[in-house]
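All ligand and atom numbering here is 1-based and tracks the order in the structure. What you see is a predicted model; the values in this text were computed from it and never measured.
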Amino acid sequence: MASTKKTLQGLVAATITPMTEQGEVNYSLIGQYVDYLVNEQGVKNVFVNGTTGEGLSLSVSERRQVAEEWVMQGKNKLDQVVIHVGALSLKESLELAQHAAQIGADGIAVIAPFFFKPWNKDILIDFLKEVAAAAHELPFYYYHIPALTGVKIRAEELLDGIQHHIPTFRGLKFSDTDLLDFGQCVDQNRQRQLAFLYGVDEQLLSALMMGATGAVGSTYNYLGKKTNQMLEAFERKDFSSALNHQ
Ligand SMILES: CC(=O)N[C@@H]([C@@H](O)[C@H](O)[C@H](O)CO)[C@@H](O)CC(=O)C(=O)O
């Protein structure tokens, strides 16, 4: 059973992976990083080992250790730690998903495989559902980033009936400028209490208009406070002020 934890919403920082000058992961900075996000930026959710964190350029062992450090350092400080476990190898994805569950992460996310690409929705779902099942106690998010994966299957098409195949499906991280596709995803899944997390920070305000429930992005590492002001302005329908913050 996927955790009944509250829906992922608000700002989620797509974390960078701190490195030493010698090119090794600097795990020792992650504790300070957590405090900085919470205290200086007002951001209490993180998306680890994604694009910004260069997860796909790290070894599996580094990815595991980075994930462990975020979960451990974020305990009682962060609301949610979501680990990106996408990989070209299904086996690696399964390993990372199981590991995320073991260490007590709050969710996993997966991008489409991007070298041997799924050429239709069913093939993509077959990949995603195996990974989701490897961490069946965790909420599962699909990470849609077609400009980088080259997988152009529309998110709206993918979401149609997805919970039938992936009962732990809890939402979408949508890193694309196609707001028609995004809006259709929101519109067609209104009853399902899913998270619709937008990933093009520069046009978040437009995505909020289309029904985004939150955002995952790199800029929330340093513009979290400012973007939270935009979310607050949007919430109170002060669109002119929201636009100023965008
Ligand atoms: C292509 C890319 O890196 N997009 C970023 C955005 O936050 C992006 O950096 C921002 O909109 C600035 O261009 C995120 O969508 C990626 C992300 O959330 C991640 O690191 O997984």
**Message:** Angle between ring planes, His144 versus Phe174, binned at 30° and 60°: parallel, tilted or perpendicular?
**Reply:**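 His144 and Phe174: tilted rings.
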**Request:** Mind telling me whether Tyr33 and Trp70 have parallel, tilted or perpendicular rings, with 30° and 60° as the class edges?
**Result:**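 The rings of Trp70 and Tyr33 stand perpendicular, inter-plane angle above 60°.
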**Asked** Would Phe234 and Phe239 count as a ring-ring contact (aromatic ring centres under 6.0 Å, His included) if you check the C-alpha gap in whole Å, the side-chain angles of each, and the deciding distance to 0.1 Å?
**Response** CA-CA 6 Å; Phe234 183 80; Phe239 300 123; 5.6 Å; yes
Looking at [atom], what's its closest protein heavy atom, distance included?
atom	value
atom 1 (C) of ligand 1	Ile145 CD1, 4.0 Å
atom 6 (C) of ligand 1	Gly199 O, 3.4 Å
atom 8 (C) of ligand 1	Ser218 OG, 3.6 Å
atom 2 (C) of ligand 1	Thr51 CG2, 4.3 Å
atom 16 (C) of ligand 1	Tyr143 OH, 3.4 Å

**Asked** Would you call Arg63 and Glu92 a salt bridge, taking side-chain N to carboxylate O under 4.0 Å as the test?
**Response**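 Salt bridge: no.
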**Asked** Is there a heavy atom of Tyr220 sitting under 4.0 angstrom from any atom of ligand 1?
**Response**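 The answer is no: ligand 1 sits nowhere under 4.0 Å from a heavy atom of Tyr220.
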**Message:** Less than 4.0 Å is my threshold; does some heavy atom of Lys173 fall inside it relative to ligand 1?
**Reply:** yes
**Message:** Does atom NZ (Lys152) have a neighbourhood of more than 12 heavy atoms from anything else shown, all under 6.0 Å?
**Reply:**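 For Lys152, atom NZ is crowded (more than 12 foreign heavy atoms under 6.0 Å).
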**Request:** May I have the step-by-step check of side chain to side chain contact (heavy atoms under 4.5 Å, CB included) for Met209 and Gln203, ending in yes or no?
**Result:** CA-CA 10 Å; Met209 289 289 187; Gln203 55 181 51; over 6 Å; no
**Request:** With side chain to side chain contact (heavy atoms under 4.5 Å, CB included) as the test, would you mind laying out the steps for Ile145 and Asp176 before giving the verdict?
**Result:** CA-CA 6 Å; Ile145 184 158; Asp176 188 41; over 6 Å; no
Subset of ligand 1 atoms that lie under 4.0 Å from at least one heavy atom of [X]:
X	answer
Ser175	15 (O)
Ala14	17 (C), 18 (O), 19 (C), 20 (O)
Phe47	21 (O)

**Prompt:** Any side-chain heavy-atom pair from Gln184 and Arg154 closer than 4.5 angstrom?
**Reply:**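 Counting from C-beta outward, Gln184 and Arg154 do come under 4.5 Å.
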**Contact check: Glu202 vs ligand 1, nitrogen or oxygen atoms, below 3.5 angstrom** =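 Yes, since at least one N or O of Glu202 sits under 3.5 Å from an N or O of ligand 1.
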